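This structure is a prediction, so every number in the text was calculated from the model and none was measured.
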Amino acid sequence: MHFLDQAKIYVRSGEGGPGAVSFRREKYIEYGGPDGGNGGKGGDIVFECIAGLNTLIDFRYTQHFRAPRGSGGSGSNRTGAGGKDLVIRVPLGTQVLSEDKEEVLIDFTEVGQREVLFRGGDGGRGNASYKTSTNRTPRQHGTGWPFGEAWVWLRLKLLADAGLVGLPNAGKSTFINQVTNAQAKVGEYAFTTTRPQLGVVRHKQREFVVADIPGLIQGAAEGAGIGDRFLGHIERCRVLLHLVDANDRDVAESYRIVRDELENYGEGLTDKKVIVALNKIDMLDPELIAALSAELAEASGAEVMAISGASGAGIEAVLDQLIEAIGPAPGAAKELEEGEVPVAWSPL
């Protein structure tokens with residue numbers, strides 16, 4: 001399946017149906033008068049977040065969404081049928097933005113979340129509702145309230161607990177293949193990863209999601225390489241794992257290049273907790289590993305973990321650090337503070 005994380009679509013709710021102009025005329029019925037019913041309500045434009053989707057590719061081929069209008073009223077005070085709501089299903093993490101991308105209209109963060117973007121127009125009034133003591137035979141009616149319409153952008157931001165960042169060929173794909181069931185492409189050339197990858201890590205009775213994005217190069221904020229368009233997929237991550245290739249000529253400079261691009265992108269990425277790892281140490285001697293780690297620690301100001309995504313060396317320690325940074329799982333039992341007495345469970 002092709003990956004698509006942005007799409008522009010046109011949406012329009014249904015117009016309300018017109019009210020009816022009708023008069024009751026029946027043989028042997030003493031009283032007649034107006035009996036035109038109201039029109040039906042137009043269909044709403046509803047967005048629904050569902051599980052099992054991780055791309056917006058369907059919106060490349062279907063870009064116009066129009067909800068049906070309400071039916072017109074009829075005689076005998078019969079209200080017209082309402083238009084059926086049009087439900088647009090999107091993946092978890094989708095944002096609905098205004099046409100100029102300046103305003104986030106809806107943000108989907110939970111499976112099953114449903115939001116009405118445009119409400120259908122109400123039906124017009126039938127002539128029966130216009131009857132008064134001085135206007136016994138009204139012939140006016142409502143034409144139905146208008147619809148809502150707009151071009152909107154759909155933008156997908158994958159929901160992950162941890163995100164992998166680094167230069168191209170830093171070993172991010174090898175790492176995610178090592179710790180998850182993902183099957184990311186690995187090659188001896190830059191930009192083997194051309195789209196974000198997600199994988200589920202199972203470690204010490206915990207599960208969390210890791211996102212791998214294409215590598216960043218100097219000038220990515222200005223569009224160099226693949227650019228920074230995929231950085232939106234790690235905006236929601238609680239922690240970033242910054243991988244640096246131990247075979248780079250200057251590991252400190254490799255670290256600074258990526259950090260500068262994260263800072264240029266903004267959105268709070270440089271404020272997130274970061275775990276720095278020196279990757280691909282399987283072919284290096286301990287003395288060189290220690291020297292490179294010290295150089296990288298001085299540049300980053302953080303503890304550096306030496307790992308190898310290919311051999312698995314140091315992976316367990318990194319996963320421990322990620323679990324600690326991510327925090328307790330939702331619904332996990334709260335740890336008691338010193339001196340606190342546990343409360344017995346009660347259904348009341």
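- Residues E149 and R66 are not paired through a salt bridge, judged by the lack of any N-O separation under 4.0 Å between the basic side chain and the carboxylate.
- The pair R236-D107 meets the salt-bridge criterion, since a charged nitrogen lies less than 4.0 angstrom from a carboxylate oxygen.
- In this structure, CD on E115 lies 9.5 Å from CG on L117, to the nearest 0.5 angstrom.
- Two different hydrophobic clusters hold V11 and V104 under the rule that ILVMFWY side chains link at heavy-atom gaps under 4.5 Å.
- The hydrophobic clustering, which links ILVMFWY residues whose side-chain heavy atoms are closer than 4.5 Å, places V210 and I315 together.
- In this structure, K280 contributes its side chain and N247 its backbone to no donor-acceptor pair below 3.5 Å.
- Rounded to the nearest 0.5 angstrom, F118 CZ and F65 CZ are separated by 14.0 Å.
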Before giving the answer on side chain to side chain contact (heavy atoms under 4.5 Å, CB included), spell out for D320 and M305 the whole-Å C-alpha distance, their side-chain angles and the decisive distance to 0.1 Å. CA-CA 12 Å; D320 291 341; M305 310 191 71; over 6 Å; no
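- Using a distance-only test at 3.5 Å, with no hydrogens or angles considered, no donor-acceptor pair links the side chain of E102 to the main chain of S98.
- For the pair T94 and L156, the minimum side-chain heavy-atom distance is below 4.5 Å.
- In this structure, L86 and D44 have side chains that are not in contact, with every pair of non-hydrogen atoms separated by 4.5 Å or more.
- In the hydrophobic clustering of ILVMFWY residues, with side-chain heavy atoms under 4.5 Å counting as a link, W153 and I45 come out apart.
- Proximity of a side-chain donor or acceptor of D282 to a complementary backbone N or O of A313 within less than 3.5 Å is not detected.
- In this structure, the side chains of L262 and H242 stay at 4.5 Å or more apart for every pair of heavy atoms.
- Nearest heavy-atom pair across R136 and K131 is O-CG, 4.3 Å.
- Closest heavy-atom contact between I289 and A306: CG2-CB, 3.8 Å.
- Atom CD of Q63 sits in a crowded spot, with more than 12 heavy atoms from other residues, nucleotides or ligands closer than 6.0 Å.
- Between S293 and L278, the shortest heavy-atom distance links the atoms OG-CD2, 3.6 Å.
- Counting Ile, Leu, Val, Met, Phe, Trp and Tyr side chains that sit under 4.5 Å apart, directly or through other members, V116 shares a hydrophobic cluster with V46, V87.
- Rounded to the nearest 0.5 Å, atoms CD (E207) and CZ (R202) are 4.5 Å apart.
- In the hydrophobic clustering (ILVMFWY side chains linked at under 4.5 Å, chained through shared members), F23 is joined by V21.
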CA sep, side-chain torsions, deciding dist, call: H203, E316, side chain to side chain contact (heavy atoms under 4.5 Å, CB included): CA-CA 8 Å; H203 180 66; E316 293 284 324; 2.8 Å; yes
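- Side chain of D161 to main chain of V209: a donor-acceptor pair is present (N/O by atom type, distance under 3.5 Å, no hydrogens or angles).
- Between C237 and A162 the shortest heavy-atom distance is SG-C, 3.7 Å.
- Residues D245 and L167 fail the side-chain proximity criterion, which asks for heavy atoms closer than 4.5 Å.
- In terms of heavy-atom proximity, L164 sits nearest to I213 at O-CG1, 3.6 Å.
- Side chains of E235 and Y265: a donor-acceptor N/O pair is present below 3.5 angstrom, by distance only.
- Summarising the geometry of A7 relative to F59, their closest heavy-atom pair is CB-CB, 3.7 Å, with the distance given to 0.1 Å.
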Report the C-alpha distance between I9 and T62 in whole Å, list the side-chain angles of each, state the deciding distance to 0.1 Å, and finish with yes or no for side chain to side chain contact (heavy atoms under 4.5 Å, CB included). CA-CA 8 Å; I9 63 173; T62 304; over 6 Å; no
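- Residues I106 and L97 do not share a hydrophobic cluster, defined by chaining ILVMFWY side chains whose heavy atoms lie under 4.5 Å apart.
- Distance check: N279 CG to F175 CZ gives 8.0 Å after rounding to the nearest 0.5 Å.
- Cluster partners of Y10, by chain and number: W151. The rule joins Ile, Leu, Val, Met, Phe, Trp and Tyr whenever side-chain heavy atoms lie under 4.5 Å apart.
- A distance of 11.5 Å separates CG of N169 from OG of S254, quoted to the nearest 0.5 Å.
- Of the possible polar contacts, one joining the N127 side chain to the S22 backbone as a donor-acceptor pair under 3.5 Å is found.
- Between the R78 side chain and the G37 main chain, no donor and acceptor come within less than 3.5 Å of each other.
- Within the 4.5 Å cutoff, the side chain of V200 has no heavy atoms near those of the T180 side chain.
- Geometrically, R69 does not engage F147 in a cation-pi contact, judged by NZ or CZ lying under 6.0 Å from the ring centre and within 45° of the ring axis.
- No chain of hydrophobic side-chain contacts below 4.5 Å, direct or via other Ile, Leu, Val, Met, Phe, Trp or Tyr residues, connects M283 to V304.
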Working for side chain to side chain contact (heavy atoms under 4.5 Å, CB included), residues L154 and V96: CA-CA 5 Å; L154 302 181; V96 182; 3.7 Å; yes
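- How far NZ of K8 is from CG of L56: 15.5 Å, rounded to the nearest 0.5 Å.
- In this structure the side chain of T174 never reaches within 4.5 angstrom of the side chain of Q178, judged on heavy atoms.
- The shortest side-chain heavy-atom distance between L284 and L292 falls under the 4.5 Å cut-off.
- By the 4.5 Å heavy-atom criterion applied to side chains, I307 and L243 are counted as neighbours.
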